[in-house]
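In what follows, chains are A, B, ... by sequence order, proteins preceding strands, each numbered from 1.
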There are 2 protein chains.
Amino acid sequence: MDKKKNASRTRLAIMESAGKIFAEEGFSKATVRDICREAGANIAAVNYHFGDKKGLYLSVLKHYQEMVFQTYPPDFGITAAQKPEEKLRAYIRSFLTRMMDDVHPPWFARLLAREFTEPTWAFDILVEGSIRPSFQLLADIVAAILGKKPDDRRVRLCSMSIVGQCLYFRHSNPVIIRLFPREFSDAGQIEELTEHITFFSLNGMAKAKTKNKRR
Amino acid sequence: MDKKKNASRTRLAIMESAGKIFAEEGFSKATVRDICREAGANIAAVNYHFGDKKGLYLSVLKHYQEMVFQTYPPDFGITAAQKPEEKLRAYIRSFLTRMMDDVHPPWFARLLAREFTEPTWAFDILVEGSIRPSFQLLADIVAAILGKKPDDRRVRLCSMSIVGQCLYFRHSNPVIIRLFPREFSDAGQIEELTEHITFFSLNGMAKAKTKNKRR
DNA sequence: AAATATTTCAAACAACTGTTTGAAACACTT
DNA sequence: AAGTGTTTCAAACAGTTGTTTGAAATATTT
């Protein structure tokens with residue numbers, strides 16, 4: 001019944017092409033015919049190996065999420081010996097790298113971004129498997145910087161501000177390349193972005209330890 | 001030939017339901033049958049009044065963009081007499097309001113968010129009509145705060161950091177409600193978000209006037 | 001009121017979708 | 001080599017999609 005352990009050649013080929021096409025087109029626009037053609041497999045192969053289209057999507061999601069999680073764990077490049085400020089810089093660099101660089105597989109970040117704004121029924125898997133652990137780690141770092149607990153509201157707001165900055169360059173890429181056709185085209189500027197976001201955010205949190213009373 | 005000026009009853013009804021359904025489902029998943037049913041019109045009405053599905057989408061986009069632009073211009077709530085810091089606060093509040101509150105039409109922000117991450121062929125219209133003017137205004141405010149020119153690279157980076165924070169709460173709403181089921185559910189906290197992002201960003205730019213030399 | 005133009009409608013069309021089918025090809029064990 | 005289970009394949013199926021059609025209904029002009 002359960003074919004999870006079966007790793008036939010066509011099964012793997014389908015998962016590869018499926019991941020790529022799902023990321024490019026989205027779940028509904030991607031067709032099993034395109035996927036099978038690119039995999040060099042018959043049209044019926046998807047239903048035979050994965051039950052149906054949803055089963056294929058789910059298998060792809062779980063498999064490559066695990067793969068990415070192993071090669072790029074949330075605490076990638078972060079050591080216990082670092083000061084919180086350095087941890088934050090490492091976190092941001094890792095975050096940006098995972099999103100924009102040629103991480104394996106190169107299309108996983110795009111598929112994740114797609115689920116971010118337009119979640120399918122499989123979104124919870126990504127939240128629990130990838131997003132929550134990553135966000136939790138950031139919350140811990142921010143909490144250490146602010147001298148508060150990880151579940152403090154201000155910690156969460158600041159964490160969101162940091163994540164929001166990082167995501168902007170991936171999610172809003174279509175906007176950026178139109179607003180500034182040349183300036184932010186290449187992805188080879190992760191270091192500059194890392195420095196900017198780290199600097200911006202550390203300053204942003206600097207005086208936030210005290211209550212923000214205004215008016 | 002050109003039916004732009006024709007404002008028959010069914011034509012308007014179709015544009016209304018189309019905008020709503022396009023925003024909910026996206027261009028490709030939205031069906032003309034659903035649109036026409038909700039508009040109380042025949043299936044052939046779309047092709048008769050707008051040529052084809054693309055023509056309908058284009059008409060909806062242009063029409064409601066103009067409407068939103070008139071009721072909520074980019075400089076909404078901003079006066080020349082304000083200090084740059086107050087302008088930034090007004091800009092952020094206006095931005096958040098436009099995205100999360102019940103602006104008319106209430107689905108326009110969602111349609112815009114959809115084009116943001118998954119642009120269709122009509123995206124350039126939104127960039128030039130809505131996004132670029134809005135971003136330009138922000139760049140002017142940030143430039144005034146930093147004491148640089150609007151096309152300075154740091155000004156652009158900081159502007160992106162600000163926009164990124166604002167967009168996070170709209171684009172990543174599916175994530176937020178899963179990570180913190182109760183805490184950030186309601187949209188009735190625009191004031192708190194405005195204060196947080198303004199405070200965070202003003203601090204983030206505070207010392208950025210001087211060159212960011214590190215290491 | 002007649003004539004003309006515009007709009008609506010039910011029905012059908014052609015293309016595409018995910019899925020199923022049953023036989024053929026293959027792999028492996030006995 | 002025969003037998004068994006697994007995998008591939010071309011073909012077809014049932015459903016949905018955007019679009020077209022030609023006649024009927026309505027509105028406008030003469």
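- Other residues, nucleotides and ligands contribute over 12 non-hydrogen atoms within 6.0 Å of the CD atom of B:E192.
- Contacts between residues 117-126 of chain A and DNA chain C, defined by a heavy-atom separation below 4.0 Å, involve no residue at all.
- Contact annotation: B:T10 reaches the phosphate of C:dT8 (side-chain N/O to OP1 or OP2, under 4.0 Å).
- Residue pairs satisfying the salt bridge (charged side-chain N to carboxylate O under 4.0 Å, His left out) criterion with at least one member in residues 167-177 of chain B, sequence neighbours excluded, are absent.
- Of the charged side-chain nitrogens involved, none lies within less than 4.0 Å of a carboxylate oxygen, so that A:E118 and B:K29 do not count as a salt-bridged pair.
- Under the side chain to side chain contact (heavy atoms under 4.5 Å, CB included) criterion, B:E38 pairs with B:S17, B:K20, B:I21, not counting sequence neighbours.
- Summary for the helix from C:dA1-D:dT30 to C:dT30-D:dA1: the axes at its two ends, each from 5 pairs, differ by 10° when rounded to the nearest 10 degrees.
- Taking CG of B:L61 as the start and OG of B:S130 as the end, the distance is 8.0 Å to the nearest 0.5 Å.
- Looking only at atom types and distance, the side chain of A:T97 has no donor-acceptor partner in the side chain of A:R93 under 3.5 Å away.
- Applying the side-chain hydrogen bond (donor to acceptor under 3.5 Å, both in side chains) criterion to B:E16, with sequence neighbours excluded, gives no partner residue.
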Nucleotide N/O of nucleotides 23-26 of chain C paired with protein N/O under 3.5 Å:
none

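- Considering only residues two or more places apart in sequence or on other chains, A:Y57 meets the side-chain hydrogen bond (donor to acceptor under 3.5 Å, both in side chains) condition with A:E115.
- Qualifying ring-ring contact (aromatic ring centres under 6.0 Å, His included) partners for B:F69, counting only residues two or more places apart in sequence or in other chains: none.
- To the nearest angstrom, C1' of D:dG18 lies 8 Å from NZ of B:K53.
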B:D152 and B:K149: CA distance, side-chain angles, deciding distance, salt bridge (charged side-chain N to carboxylate O under 4.0 Å, His left out) verdict: CA-CA 5 Å; B:D152 183 87; B:K149 294 196 173 180; over 6 Å; no
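- Considering NE2 of B:H49 and CG of B:L56, their distance stands at 11.0 Å, rounded to 0.5 Å.
- Ring centers of A:F135 and B:F180: under 6.0 Å apart, within the cut-off.
- Among residue pairs with one or both ends in residues 123-132 of chain B, those qualifying as salt bridge (charged side-chain N to carboxylate O under 4.0 Å, His left out) are A:R178-B:D124, B:E128-B:R132; sequence neighbours excluded.
- Atom CG in A:L56 sits roughly 10 Å away from atom P in C:dT19 (whole-Å rounding).
- Counted within 6.0 Å of CZ on B:R110, heavy atoms from surrounding residues, nucleotides or ligands total 12 or fewer; the atom is thus considered open.
- Looking at residues 24-46 of chain A, you'll see A:A30, A:T31, A:V32, A:R33, A:I43, A:A44 sit with a heavy atom under 4.0 Å from some atom of DNA chain C.
- Atom CG of A:D52 and atom P of C:dG18 are 11 Å apart (whole Å).
- Here the side chain of A:T194 pairs a donor or acceptor atom with the backbone of A:I190 at under 3.5 angstrom.
- For A:H49 and D:dT8, the shortest distance from a side-chain N or O to OP1 or OP2 is below 4.0 Å.
- Residue A:Y48 contributes atom OH, which lies 7 Å from atom P of D:dT6 at whole-angstrom precision.
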Check the interface with nucleotides 25-28 of chain D: list each N/O to N/O pair with the protein under 3.5 Å, or write none.
none

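- Nucleotide D:dT8 holds its C1' atom 13 Å from the CG atom of A:N47, rounded to whole Å.
- In this structure, the ring-ring contact (aromatic ring centres under 6.0 Å, His included) partners of B:Y91, at least two apart in sequence or on a different chain, are B:F95.
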